[in-house]
Amino acid sequence: MPELPEVETVVRSIAPHVVGRTIVSATLSSPLVTRGGLEETARAITGATVGAVRRRGKQIFFDLNCGVMYVHLGMTGKLLWDAGTGKHTRGLIQFKEGTLQYQDIRQFGRLEFFATLPNFLERSGPDALTIDFQTFYSGLRAHRGQIKPLLLNQAFLGGLGNIYVDELLFAARVHPKAAAGRISRKRAELLHRKMQELLELAIVHRGSSISDYVDARGERGAFQALHRVYGKTGQSCPECGSPIRRVVVAQRGTHYCPRCQRA
DNA sequence: ATCTATTCCTGGCTGC
DNA sequence: TGCAGCCAGGAATAGA
């Protein structure tokens with residue numbers, strides 16, 4: 001499941017191959033992934049030169065001289081450089097120097113071209129890695145609901161998904177159902193600091209590979225070995241030894257320590 | 001405003 | 001080497 005650290009790792013591993021280079025041809029094959037039309041999109045990016053590859057939250061932007069190619073990896077999307085193709089290949093973007101490939105088993109991802117960025121993309125919130133404390137804190141205060149759904153809300157904060165939210169709430173000892181608006185300033189400072197430490201450490205480890213995730217070279221991340229609660233149902237809490245509990249919050253499997261993370 | 005449920009989709013797993 | 005049924009979840013969407 002690509003979240004901020006995985007998407008950042010993908011961007012870093014793809015950028016050196018494509019920045020400054022020109023798309024020679026493109027073949028797109030999934031109308032679910034490329035909703036703007038397979039032929040039209042392929043035609044629009046052909047001949048374009050990549051100026052930069054950027055990430056905001058889980059969104060990837062290839063800045064082109066004629067617009068932007070937008071990629072969201074969804075659940076099972078992969079961007080690969082010079083890899084073999086398979087039944088889940090949804091796009092091939094040829095450069096003189098090599099091939100950028102988009103694979104996606106479940107096709108929850110997107111690969112689109114936009115001449116100008118549409119409003120629904122602009123609506124995405126500030127990046128979790130760089131959001132300043134004051135913006136983060138006032139966002140928490142303004143929210144009436146639970147903390148976990150808020151942290152998952154990409155319009156509020158871009159980049160966190162189910163894995164890193166569970167890990168973050170454990171690191172800051174916050175219950176996933178805690179009322180966001182009632183978090184103290186001190187606890188919010190801890191959440192904010194732990195969030196950025198967690199994400200930076202996960203990037204150093206090239207992300208978490210639970211099932212499908214690999215970077216542009218097809219290599220798995222290593223951070224899953226450092227997960228403390230995600231997927232650890234029934235195992236001992238690394239802090240206190242209590243069994244890790246799994247509940248459903250916001251329709252997501254949620255892992256936490258009932259002793260360390262009090263309601 | 002904020003919640004829950006549903007939808008999309010496929011592979012992996014369980015149980016027969 | 002079957003096969004039905006369930007589960008995983010990012011994000012949009014509908015309805016409460």
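Numbered from 1 within each chain, the chains take letters A, B, ... in sequence-line order. For clarity, every value in this text was computed on a predicted model and none was experimentally measured.
Transitive grouping of hydrophobic side chains (ILVMFWY, heavy atoms separated by less than 4.5 Å) keeps I60(A) and I203(A) in distinct clusters. Taken together through direct or relayed side-chain contacts under 4.5 Å among Ile, Leu, Val, Met, Phe, Trp and Tyr, L190(A) and M195(A) form parts of separate hydrophobic clusters. Residues Y230(A) and L4(A) fall within the same hydrophobic cluster, defined by Ile, Leu, Val, Met, Phe, Trp and Tyr side chains chained together at heavy-atom separations under 4.5 Å.
For Y164(A), the side-chain hydrogen bond (donor to acceptor under 3.5 Å, both in side chains) partners are E6(A), S208(A), not counting sequence neighbours.
L152(A) places its CG atom 12 Å from the P atom of dC3(B), with the value rounded to the nearest Å. Computed from coordinates, the N153(A) CG to dA11(C) P distance equals 10 Å when rounded to whole Å. Atom pair R144(A):CZ and dT2(B):C1' shows a separation of 11 Å (rounding to whole Å applied). Residue D104(A) contributes atom CG, which lies 11 Å from atom C1' of dG10(C) at whole-angstrom precision. Taking atom OH of residue Y164(A) and atom C1' of nucleotide dG10(C), one finds them 15 Å apart after rounding to whole Å. Between the CZ atom of R56(A) and the C1' atom of dA11(C) there is a distance of 15 Å, given to the nearest Å. When rounded to the nearest whole Å, the span between CG of N162(A) and C1' of dA11(C) equals 13 Å. Rounding to whole angstrom units, CZ of residue R110(A) and C1' of dA12(C) are separated by 9 Å.
A donor-acceptor distance shorter than 3.5 angstrom exists from the side chain of N162(A) to the backbone of G253(A), with no hydrogens or angles considered. For T34(A) (side chain) and P31(A) (main-chain N/O), no donor-acceptor pair under 3.5 Å exists by modelled atom type.
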Shorter than 3.5 Å, N or O on both sides, protein versus nucleotides 4-7 of chain B: list them out with atom names.
residue : atom : partner : partner atom : Å
dA5(B)  : N7   : Q251(A) : NE2          : 3.1

Restricting to nitrogen or oxygen on both sides, can you table the protein-nucleotides 10-13 of chain B pairs closer than 3.5 Å?
residue : atom : partner : partner atom : Å
dG11(B) : OP1  : K87(A)  : NZ           : 3.3
dG11(B) : OP1  : H88(A)  : NE2          : 2.7

Name the pairs: protein N/O against N/O of nucleotides 13-15 of chain C, kept only if under 3.5 Å.
none

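Note on the helix from dT2(B)-dA16(C) to dC16(B)-dG2(C): angle between the axes of the first and last five pairs equals 40°, rounded to 10 degrees.
A salt bridge does not link D215(A) to K78(A): none of the charged nitrogens lies less than 4.0 Å from a carboxylate oxygen. Electrostatic pairing of R12(A) and E8(A) counts as a salt bridge here, judged by a charged N lying under 4.0 Å from a carboxylate O.
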Report, one line per pair, each donor and acceptor closer than 3.5 Å where one atom sits in a side chain of residues 86-100 of chain A; sequence neighbours left out.
residue : atom : partner : partner atom : Å
T89(A)  : OG1  : G86(A)  : N            : 2.9
T89(A)  : OG1  : G86(A)  : O            : 3.2
T89(A)  : OG1  : Q101(A) : OE1          : 2.5
R90(A)  : NE   : H88(A)  : O            : 3.4
R90(A)  : NE   : D104(A) : O            : 2.7
R90(A)  : NH2  : D104(A) : O            : 2.9
R90(A)  : NH2  : I105(A) : O            : 3.1
Q94(A)  : OE1  : T99(A)  : OG1          : 2.7
E97(A)  : OE2  : R21(A)  : NE           : 3.4

Please table the atom pairs, donor to acceptor, closer than 3.5 Å between any side-chain atom in residues 169-184 of chain A and protein atoms at least two apart or in another chain.
residue : atom : partner : partner atom : Å
H175(A) : ND1  : K177(A) : N            : 3.0
S184(A) : OG   : R187(A) : N            : 3.0

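Counting only heavy atoms from C-beta outward, the side chains of V249(A) and P149(A) approach each other to under 4.5 Å. Contact annotation: the side chain of L64(A) never approaches that of T49(A) to less than 4.5 Å [non-hydrogen atoms, C-beta and beyond]. Annotation: side chain of D127(A) is not in contact with side chain of L157(A) (no heavy-atom distance under 4.5 Å). Looking at F223(A) and L198(A), their side chains come closer than 4.5 Å, going by heavy atoms from C-beta outward. Proximity of E197(A) to K194(A): side-chain heavy atoms (C-beta onward) are separated by under 4.5 Å at one or more points.
Within residues 128-143 of chain A, the residues having any heavy atom under 4.0 Å from DNA chain B are, by residue number, A142(A), H143(A).
Looking at heavy-atom distances under 4.0 Å, G109(A) makes no contact with the nucleic acid at all.
R252(A) has no side-chain polar atom (N or O) that falls below the 4.0 Å cut-off from OP1 or OP2 of dA8(C).
Taking a centre distance below 5.5 Å and an interplanar angle below 30 degrees as the stacking criterion, F108(A) does not stack against the six-membered base ring of dA11(C).
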Next item on the list: Would you sort out whether F62(A) and L79(A) count as a side-chain contact (heavy atoms from CB on, under 4.5 Å), showing the intermediate values?
Entry: CA-CA 12 Å; F62(A) 293 78; L79(A) 277 174; 3.9 Å; yes
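A side-chain hydrogen bond (donor to acceptor under 3.5 Å, both in side chains) check over residues 246-263 of chain A, counting only residues at least two apart or in different chains, returns the pairs K148(A)-T254(A), D166(A)-H255(A). Residue pairs meeting the side-chain hydrogen bond (donor to acceptor under 3.5 Å, both in side chains) criterion with at least one partner in residues 131-140 of chain A, sequence neighbours excluded, are D132(A)-T135(A). Within the structure, salt bridge (charged side-chain N to carboxylate O under 4.0 Å, His left out) contacts touching residues 27-50 of chain A (residues at least two apart or in different chains) do not occur.
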Note to self: Can you build the contact string for nucleotides 2-7 of chain C? Use B for base contact, S for sugar-phosphate-only contact, and - for no protein heavy atom under 4.0 Å.
What the structure shows: ------
